[in-house]
There are 2 protein chains.
Amino acid sequence: MNFNHLRSFYYVGKYLSFSEAAKNLYISQPTVSIQVRKLEEDLQTKLIEQLGKKIYLTDAGKRLYNYASEIFKLTREANLMINDISDFNIGQVLLGAGTTAGIYLLPELLGSFKAEYPKVEIKLQIGSSKYIIQRLLDNEFDFAVIGEGLVIDLDLISQSITKDELVLIVSPNHPLATRHAVSILDLCNETFILRERGSSSREIFENAIVKNNIKINVAMEFNCVEAIKKAVAANLGISVVSNSSLKLEKQLNVVASLKIKDLDLMRNIYLVYHKDKEFTNIIKNCIRYITLGIEN
Amino acid sequence: MNFNHLRSFYYVGKYLSFSEAAKNLYISQPTVSIQVRKLEEDLQTKLIEQLGKKIYLTDAGKRLYNYASEIFKLTREANLMINDISDFNIGQVLLGAGTTAGIYLLPELLGSFKAEYPKVEIKLQIGSSKYIIQRLLDNEFDFAVIGEGLVIDLDLISQSITKDELVLIVSPNHPLATRHAVSILDLCNETFILRERGSSSREIFENAIVKNNIKINVAMEFNCVEAIKKAVAANLGISVVSNSSLKLEKQLNVVASLKIKDLDLMRNIYLVYHKDKEFTNIIKNCIRYITLGIEN
DNA sequence: CCTAACTATAGATATTTTCAATGGTTCTCT
DNA sequence: AGAGAACCATTGAAAATATCTATAGTTAGG
């Protein structure tokens, strides 16, 4: 079934006139006549009958007209949908993030982005950097925000959008809590509660430790920063977490945070995306919001 | 929105492969590539993204795919509908009839026609010949069966398919009931109950009367043969009705039917249709059923 | 009966579709 | 790592289709 022919037929059915149909299709009347005839030949069915000068739809014509009507209505709706996307009246941003970025950096930024584009769906999925990278390769995210530390696949492009410092946290009751300075060697005798391998914080910290030929004692691994902070607060061990995750804990003095002398725990936060990805406008806008907003 | 382009896009979305789409569309792969690109240019929206070798639909692509899916489903259904018509699995016969034909001749025939084409709708509308002719000119019937007697419009074609005799009916108690022969002059002193003007029986009878320079006394006009027979049975008057309407009444002896000497009340029953009408197969079959069946 | 309105036809032109051939990537398997 | 297969994009030519103008043929209405 040829849709140009169907459209001509539909207009003839609508106006019950070939010339009126042609006018409204902005084509010539003979074209309409030919197209309708071709449709009839194609279907081997008379669709239109002309009694004297008047035009009527046959039974088959009436039935087909109803189908055509629905088809062209759907077409109009599809066009509106496309316009809605470019007007940001619909759309989506599929976003992956590592734990730190997803929990402590992005929510606020995404909130204000959403305020400007209220009709756009934002789907944020938080996971370990390793997991996020895998999902990026499967094109399940438009882009992602993760911490430095993992080998990034060659098919992915990453660019630093801010820096984030990891700090040592201890219970206020812990001996280190009152120390002005902590050195690398102070860490050797401590019990650590760390994030799992594959998380950016863990990789960064572990790499730094290894570079200094130090061995530490990891008692527990949690895949959740909040759980780690609770455990540290209860003095079950000490940890190294993103400074940006400690706002409330510092205010309420539930943990003490310290810098470790001679250990560079500053890491980059990367915006990562597939090298072949072409961003739509809404994604570009979202990235702009994040990259500009994250610096403050 | 070009539907060829949309179809190519739809198949690419379905198989997530240009070459597979081409195979299933029975066209070459470059054609598919070009069509999809043109659709994207037309909509000014990326629909498909290619990451490495894998193909994905964009957000807009996914949404459009759903519309396309519905559109092509409707198209398939429309094609099936057309096939159903030619297979007589659906269809309709719009039929007009005069009172005699509609009530006494057609029902049985239409019943056996319906038995052979059970899925086909038969819509029979009974009315005065005058009314039926008007509706034929408005193309509200595929064809009609009416009695002779009215001037048929030049735009209509009529062909005789059977003959039908009008006979005089009187109450069994009426003096004429026992008479062997009734002459035209016997009618002068009687009270008649006849159909309304515009009905074939009335026109036929009245023309015959006028031709013989006779005047009769019409006491009542009913637009219903059954009502007339009841009135005649009650001896409220006498009438002239189609012989074919009297089967039961003769069996039960509620009226007596008589021929009038020297008065030709044989009339043709016509099949009538618009001169420009092209009959579909189901209509042709229905006409065949009626023309063949009505002779017995 | 004449005119205006409408659809069909014809012939020419423009556009679109389509293909085969080929080039450039990407992926996979050795 | 490198060869080969699979896949999509590009090109240029040919075929098919769509479209137009001009005009003929009908019909409806004054």
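Here the structure is a predicted model, which means the values were calculated and not measured. The chains referred to below are lettered A, B, ... by the order of the sequence lines, with proteins before strands, and numbering in each begins at 1. No hydrogens, no waters, no symmetry mates; every other heavy atom, side chains included, goes into these values.
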Problem set entry | B:Ser17 side-chain N/O to D:dC8 phosphate OP1/OP2 under 4.0 Å | yes
Exercise. Whole-Å distance between D:dA18 C1' and A:Phe9 CZ?
Worked result: 20 Å
Problem set entry | Matching residue for A:Leu51 among B:Asp155, B:Asp138, B:Asp276 - test: side-chain contact (heavy atoms from CB on, under 4.5 Å) | B:Asp276
Exercise. Counting only side-chain N and O atoms of A:Lys38, is one of them less than 4.0 Å from OP1 or OP2 of D:dA18?
Worked result: yes
Exercise. Closer to the 5' end of DNA chain C via nearest nucleotide, is it B:Tyr26 or A:Lys275?
Worked result: B:Tyr26
Problem set entry | Distance below 4.0 Å between B:His5 side-chain N/O and C:dT17 OP1 or OP2 | yes
For this session: Taking only the side-chain nitrogens and oxygens of B:Ser28, find out if one of them lies under 4.0 Å from OP1 or OP2 of C:dT18.
Result: no
Exercise. Has A:Arg37 got a side-chain N or O lying under 4.0 Å from the OP1 or OP2 atom of C:dT7?
Worked result: no
For this session: Take atom CD1 of A:Ile27 and atom P of D:dT19, then tell me their distance rounded to the nearest Å.
Result: 5 Å
For this session: Output yes when at least one side-chain N/O atom of A:Asn2 is less than 4.0 Å from OP1 or OP2 of D:dA18, else no.
Result: yes
Exercise. Is the phosphate of D:dC8, meaning OP1 or OP2, less than 4.0 Å from a side-chain N or O of B:Ser33?
Worked result: no
Problem set entry | Contact nearer the 5' end of DNA chain D, comparing B:Lys53 with B:Asp155 | B:Lys53
Seminar exercise, completed: By nearest-heavy-atom nucleotide on DNA chain C, the more 5' of A:Gln29 and B:Ser8 is A:Gln29
Exercise. Are B:Lys62 and B:Tyr65 in a cation-pi setup, meaning NZ or CZ lies under 6.0 angstrom from the ring centre and within 45 degrees of the ring axis?
Worked result: no
For this session: Measure from NZ or CZ of A:Arg135 to the centre of the six-membered ring of A:Tyr131 and say whether it is under 6.0 Å with the direction within 45° of the ring axis.
Result: yes
Exercise. Atom CG of A:Asn4 to atom C1' of D:dT19: distance rounded to whole Å?
Worked result: 11 Å
Exercise. If you measure from the Lys or Arg side-chain nitrogens to the Asp or Glu carboxylate oxygens, is any gap between B:Lys38 and B:Asp42 under 4.0 Å?
Worked result: no
For this session: In whole angstrom, give the distance that lies between atom NZ of B:Lys23 and atom C1' of D:dC8.
Result: 14 Å
For this session: Using whole Å, report how far CZ of A:Phe3 lies from C1' of C:dT17.
Result: 17 Å
Problem set entry | Side-chain heavy atoms of B:Leu64 within contact of B:Leu39, under 4.5 Å | yes
Exercise. Hey, does the side chain of A:Gln35 come within less than 4.0 Å of D:dT19's phosphate (OP1/OP2), counting only N and O?
Worked result: yes
For this session: For A:Glu20 and C:dA5, give me the distance from atom CD to atom P, rounded to whole Å.
Result: 13 Å
For this session: For B:Pro30 and for A:Leu51, find the nucleotide of DNA chain D with the closest heavy atom, then tell me which residue's nucleotide is more 5'.
Result: B:Pro30
Exercise. Could you give the NZ-to-P distance, from B:Lys54 to D:dC7, as a whole number of Å?
Worked result: 13 Å
For this session: Quickly work out the A:Glu41 CD to D:dT17 C1' distance and round it to whole Å.
Result: 14 Å
Exercise. Taking only N and O in the side chain of A:Thr31, is any of them less than 4.0 Å away from OP1 or OP2 of D:dT19?
Worked result: no
For this session: Considering only NZ, NE, NH1 and NH2 on the basic side and carboxylate oxygens on the acidic side, decide whether B:Glu40 and B:Arg37 come within less than 4.0 Å.
Result: no
